[in-house]
Number of protein chains: 2
Amino acid sequence: MSQSSPDPTPARLRTVPSRLLAQAATVADRLVGDRLAAEGARKWHFAVLVALAETGPTSQAELSRRTGIYRSDMVAVLNELAATDCIHRTPDPADRRRNTITLTPAGHHRLARLDALVTEAETELLAPLTPTQQHDLTHLLTLLTTHHRPPH
Amino acid sequence: MSQSSPDPTPARLRTVPSRLLAQAATVADRLVGDRLAAEGARKWHFAVLVALAETGPTSQAELSRRTGIYRSDMVAVLNELAATDCIHRTPDPADRRRNTITLTPAGHHRLARLDALVTEAETELLAPLTPTQQHDLTHLLTLLTTHHRPPH
DNA sequence: CACGAAACGTTAGTGCCACTAACAAAGATA
DNA sequence: TATCTTTGTTAGTGGCACTAACGTTTCGTG
């Protein structure tokens with residue numbers, strides 16, 4: 001039945017996909033994170049700003065679903081974005097549980113700045129790949145992530 | 001020069017490579033981590049055991065380089081592996097700064113068990129991809145990680 | 001050979017992120 | 001009406017990547 005397999009395949013360590021993914025993600029996070037940190041931001045801020053720009057004002061819970069950031073963490077992120085006037089948080093009269101999160105002009109401007117930095121980081125990240133390979137990688141990762149969706 | 005680009009490309013959020021990587025890595029880490037946790041292990045333990053099985057006894061610093069685990073974190077991992085008799089830590093008489101880390105029979109056995117769990121997790125992770133796609137993904141990630149090597 | 005630089009193992013601590021638990025208030029459903 | 005769910009919020013956990021510092025041992029170079 002189960003092999004004892006005392007010796008793993010040579011170079012197993014370098015080829016385990018979950019390890020490769022973790023390594024690549026770490027590199028990517030550092031490239032992006034360092035640039036954003038220079039602006040006092042983290043990737044969460046960027047994700048929220050992008051989500052807001054894409055679909056307009058929404059509730060925190062909706063933002064949470066779209067960005068993958070837990071709603072418990074979203075609170076602090078929005079506090080920070082509000083502290084720099086990037087967003088407005090106003091109660092929703094139609095549903096008084098909700099806050100309506102709105103992107104301000106300052107938020108738009110900040111997004112443009114962060115977007116440039118992220119794009120720069122992505123370029124450096126994907127530099128070793130040809131355009132075709134870059135597309136392939138994005139495609140494969142999309143297949144992976146859409147298949148393993150959060151149990152919503 | 002620099003575009004103001006107030007509105008990011010539609011669906012930008014879902015296609016940012018660094019985000020895709022982070023998402024995929026999170027899924028992978030959960031699949032692997034949950035299984036290892038059921039055995040009281042984490043991915044670090046697995047990585048160290050694999051590294052030891054692949055190349056035999058080595059120093060902690062060498063293990064650190066091969067696994068990517070910081071040598072400061074390596075101490076605790078080896079303490080835990082030693083506590084369950086998976087490894088031996090003996091001073092190296094040839095270089096008294098070093099400890100020689102040796103995989104015990106119990107360590108081999110534990111590696112076989114963890115390896116099976118990891119293999120199972122990888123299978124589930126890569127299920128949505130064809131064998132060719134799985135190979136392509138591994139290849140592309142390898143290109144990325146080898147290009148962005150730690151500054152050693 | 002001597003001495004400064006480097007490597008080793010170790011302790012302590014930081015920051016980011018993913019994730020859980022619990023709560024009050026409001027809304028939806030039965 | 002009574003129950004279940006959603007929403008925003010606070011608090012806390014655990015893993016991982018990473019830095020700083022220290023004593024000890026070895027190496028490299030003058």
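We name chains A, B, ... by the order of the sequence lines, and we start the count at 1 in each one.
Taking the nucleotide of DNA chain C with the nearest heavy atom to each of Arg96(A) and Gly68(A), the more 5' of the two is matched to Gly68(A).
What separates CG of Asn99(B) from P of dT26(D) is a distance of 13 Å, to the nearest Å. We find that CE of Met74(A) is positioned 13 Å from C1' of dT9(D), with the value rounded to whole Å. Taking atom NE2 of His45(B) as the reference point, atom C1' of dC16(D) lies 13 Å away to the nearest angstrom. Straight-line distance from the CD atom of Gln60(B) to the P atom of dT11(C): 10 Å, rounded to whole Å. In this structure, Lys43(A) atom NZ and dC16(C) atom P are separated by 12 Å, rounded to whole Å. Note: CG (Asn79(A)) to C1' (dG8(D)) measures 11 Å, nearest angstrom. The separation between Ile69(A) atom CD1 and dA18(C) atom P is 8 Å, rounded to whole Å.
Of the candidate nucleotides dG8(D), dT11(C), dG9(C), dG8(D) has the atom lying nearest to any side-chain atom of Arg98(A). Side-chain atoms of Arg97(B) lie closest to dT25(D) of the nucleotides dT25(D), dT10(D), dC17(C). Between dT24(D), dT9(D), dC16(D), one nucleotide has an atom nearer to the side chain of Trp44(B) than all others, and that is dC16(D).
With respect to Glu54(B) and Arg12(A), no salt bridge is recorded, no charged nitrogen being found less than 4.0 Å from a carboxylate O.
Across all strands shown, Arg71(B) has heavy atoms under 4.0 Å from base atoms, whether or not it also approaches the sugar-phosphate.
With hydrogens and angles ignored, a donor-acceptor pair closer than 3.5 Å exists between the side chain of Asp73(A) and the base of dC19(C). Interface remark: the Asp95(B) side chain does not form any donor-acceptor pair with the dC8(C) base, using a distance-only criterion of under 3.5 Å.
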Worksheet item: Arg98(B) and Asp95(B): side chain to side chain contact (heavy atoms under 4.5 Å, CB included), yes or no, with the steps?
Response: CA-CA 6 Å; Arg98(B) 296 190 172 133; Asp95(B) 184 341; 3.5 Å; yes
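Using a 4.0 Å cut-off, no side-chain N or O of Tyr70(A) falls inside it from OP1 or OP2 of dA18(C). Note on Arg30(A): every side-chain N or O is 4.0 Å or more away from OP1 and OP2 of dC17(C).
Note: Arg66(A) CZ to Leu13(B) CG = 6.0 Å, rounded to the nearest 0.5 Å.
Judged by distance alone, the side chain of His45(B) and the main-chain N or O of Arg42(B) form a donor-acceptor pair under 3.5 Å.
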